[in-house]
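The block underneath contains the structure these notes are about, expressed in structure tokens.
Side chains are part of it too, since the values below use all heavy atoms of this structure and drop only hydrogens, waters and symmetry mates.
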Amino acid sequence: MSINIYNTLTGKKEAFIPVTPGLVKLYVCGITVYDLCHLGHARSMLVFDMVVRYLRWVGYRVTYVRNITDVDDKIIRRANELSQDSLTVANRFIDLMHHDERALGLLSPDIEPRATQHIPQIIAMIERLIVKKYAYIATNGDVCFSVRRFSDYGKLSRRNIDELRVGERVLNHEEKQDPLDFVLWKLSKPNEPMWSSPWGNGRPGWHIECSAMSSHCLGEHFDIHGGGMDLKFPHHENEIAQSEAATDQCFANTWMHVGLLKINGEKMSKSLHNFFTLKDALRLHSSEVLRFFMLSSHYRKPLNYSEAMLKQAYSALETLYLSLREFDSFADQYNEAYIIRFKHVMNDDFNTPEALAILFELARDINMTKSVNFHSAEMLASTLRYLANSLGLLTLTPEKFFQGDHVNVTVIEEILEKRKIARENKQWDISDQLRQQLASMGILIEDTPNGTLWRKAL
RNA sequence: GGCUGAGUGGCAGAGUGGUCAUGCAGAGGACUGCAAAUCCUUGUACGUCGGUUCGAUUCCGGCCUCAGCCUCCA
């Protein structure tokens with residue numbers, strides 16, 4: 001069974017064949033560290049986390065690289081606002097990002113290259129481009145890439161150079177030979193971070209770092225390059241141009257783009273004040289609820305964040321965990337039929353909504369089977385957990401999910417004990433009153449033949 | 001203006017040329033002291049107009065609407 005992945009470059013789903021058999025080399029564009037991570041970053045991180053987990057789960061070795069842009073205009077501006085140097089600002093937001101990453105339960109990338117730590121590689125690549133006449137020194141001293149010299153320019157985003165409205169929106173392009181050209185090396189002004197180069201003190205342009213770092217970490221030709229949909233043009237288009245102009249070979253075989261996240265039906269943007277940081281979202285919802293929500297729509301589609309949807313995600317997750325409840329020890333066998341179906345839909349461009357649907361079918365199957373044949377229900381339960389785990393879901397015990405750590409277990413158990421006695425004496429008024437008392441504490445209960453179970457209400 | 005995608009039942013969201021997505025919410029039933037959980041049943045869903053077809057939500061074309069990109073953005 002091969003994995004089919006939608007490749008932005010060809011506009012089609014294609015059978016995935018790694019350059020090196022058994023090994024997947026994946027490069028994902030990470031964030032520019034001038035502010036806290038927002039939910040859009042979280043979606044992209046979570047999607048590639050799912051991709052990496054799944055690829056490893058089916059047996060690939062994966063080298064997962066996600067870069068950090070730690071020098072750029074916005075960081076410099078932020079640093080000036082705070083009267084700090086830009087490295088201090090970058091480091092602080094990198095720490096915060098790592099904190100968010102852990103809180104979300106993400107796998108760490110195998111390599112997390114930083115632009116400022118790859119200046120020699122960046123300079124070397126620019127030199128190659130100059131030698132091959134793909135780059136030139138503009139009248140203001142910056143080094144620019146000559147877009148029109150790269151005949152394949154536009155192949156990723158399917159754009160025709162002459163149809164871009166570039167003159168309308170790109171300002172101050174008089175220094176360039178063509179308004180489309182972009183900066184590879186930017187000379188620094190006083191009080192800006194700088195590195196020495198053959199063209200004077202300056203810093204790298206935004207796009208070149210990814211070309212230089214990906215080839216440094218993964219080689220000049222690797223398997224998958226990913227990022228948010230908004231990076232497709234111009235960033236990824238520029239990366240392809242630089243890399244392929246410099247190396248004369250295919251850069252990344254497969255390009256994956258994650259749909260953008262909207263909030264309450266609107267584009268998320270700082271100017272609209274509907275900007276949600278990951279940190280804030282994690283105050284309201286557990287990482288697993290966020291993960292479930294993000295995986296409940298296909299990764300290439302736009303996704304709308306709203307509190308109602310997150311509540312729905314919680315309820316759905318509850319259903320899954322409820323089915324897992326009575327199984328302390330899990331069988332070491334799995335139900336092959338479900339595994340095959342699960343892989344089949346996941347292999348179709350990571351169709352997580354369809355994969356989740358299979359998990360719900362499994363949950364229902366468990367519920368139906370457990371009163372009839374406990375052992376086979378146990379096998380289904382272990383299958384459910386095994387499959388969900390491949391997506392980073394259902395990693396908690398049901399008790400942990402339903403009860404958490406911070407509730408006052410002693411008080412709850414005392415009330416349950418009192419209620420038990422009342423029920424034994426058929427004192428239904430008292431029993432119902434105690435149930436009401438628990439409800440007002442946010443605790444739901446469930447009387448079963450084996451005693452009363454409790455869980456947190458949403 | 002150009003390029004991408006979308007328009008599915010109350011909400012969310014897959015998918016398919018002709019029997020079921022799935023989840024959340026709702027209704028009825030079984031179970032329960034009552035609940036809860038669970039199971040069963042249930043809702044004439046596929047933007048619009050044409051075309052192809054024995055048959056289209058699914059293929060083709062026009063139209064309408066929406067979103068994203070063409071400037072920094074995951």
Worksheet entry | Pairwise 5' ranking along RNA chain B for A:Pro302 and A:Leu39, keeping only the more 5' one | A:Pro302

Response to the item:
By nearest-heavy-atom nucleotide on RNA chain B, the more 5' of A:Met309 and A:Trp428 is A:Met309

Can you tell me the distance, in whole Å, between the [atom1] atom of [X] and the [atom2] atom of [N]?
X: A:Leu356; N: B:A12; atom1: CG; atom2: P; result: 17 Å
X: A:Arg300; N: B:G68; atom1: CZ; atom2: P; result: 19 Å
X: A:Asp348; N: B:U16; atom1: CG; atom2: P; result: 8 Å
X: A:Phe360; N: B:G23; atom1: CZ; atom2: P; result: 7 Å
X: A:Leu434; N: B:A35; atom1: CG; atom2: P; result: 18 Å
X: A:Leu444; N: B:U38; atom1: CG; atom2: P; result: 12 Å
X: A:Leu384; N: B:U22; atom1: CG; atom2: P; result: 16 Å
X: A:Arg455; N: B:A35; atom1: CZ; atom2: C1'; result: 12 Å

Worksheet item: In Å and rounded to the nearest 0.5 Å, what is the CZ to CD distance from A:Arg455 to A:Glu446?
Response: 5.5 Å

Paired with [N]: which nucleotide, if any, by Watson-Crick or G-U wobble criteria at under 3.5 Å for both distances?
N: B:G33; answer: none
N: B:G17; answer: none
N: B:U52; answer: none
N: B:A6; answer: B:U65
N: B:U22; answer: B:A12
N: B:U71; answer: none
N: B:A27; answer: B:U41
N: B:U57; answer: none

Distance between the [atom1] atoms of [N] and [M], in whole angstroms?
N: B:C24; M: B:C31; atom1: P; value: 24 Å
N: B:U42; M: B:C3; atom1: C1'; value: 46 Å
N: B:G17; M: B:G55; atom1: C1'; value: 8 Å
N: B:U48; M: B:U8; atom1: C1'; value: 15 Å
N: B:A74; M: B:G50; atom1: P; value: 46 Å
N: B:G33; M: B:G23; atom1: C1'; value: 32 Å
N: B:U52; M: B:C60; atom1: P; value: 16 Å
N: B:G62; M: B:C70; atom1: P; value: 27 Å

Worksheet item: Just checking, any donor-acceptor pair under 3.5 angstrom between side chains of A:Thr395 and A:Glu288?
Response: no

Item to complete: Answer with yes or no whether the side chains of A:Ser323 and A:Asn367 bring together a donor and an acceptor at under 3.5 Å.
Response: no

Side chain of [X], heavy atoms from C-beta onward: which of [options] has the nearest atom to it?
X: A:Asp432; options: B:C34, B:U4, B:A14; answer: B:C34
X: A:Thr319; options: B:G23, B:A21, B:C70; answer: B:G23
X: A:Lys74; options: B:C72, B:U4, B:A37; answer: B:C72
X: A:Tyr6; options: B:G5, B:U22, B:A36; answer: B:G5
X: A:Arg159; options: B:G15, B:G33, B:C69; answer: B:C69

Response to the item:
For A:Ala377 and A:Thr369, the nearest pair of non-hydrogen atoms, with its separation, is N-CG2, 3.8 Å

Discussion item. So which atom in A:Asp349 and which in A:Tyr6 form the shortest heavy-atom distance, rounded to 0.1 Å?
Written reply: OD1-N, 3.0 Å

Fill in: Side-chain ion pair, A:Arg203 and A:Asp72, N-O less than 4.0 Å
no

Fill in: Atom NE2 of A:His98 with >12 non-hydrogen neighbours under 6.0 angstrom
yes

For [N], does OP1 or OP2 lie under 4.0 Å from any side-chain N or O of [X]?
X: A:Ser431; N: B:G33; result: no
X: A:Arg364; N: B:C40; result: yes
X: A:Asn351; N: B:G15; result: yes
X: A:Lys301; N: B:A14; result: yes

Worksheet, complete the sentence: Paired with A:Tyr314, the ring-ring contact (aromatic ring centres under 6.0 Å, His included) test is passed by just one of A:Phe401, A:Phe292, A:Tyr321, namely A:Phe401

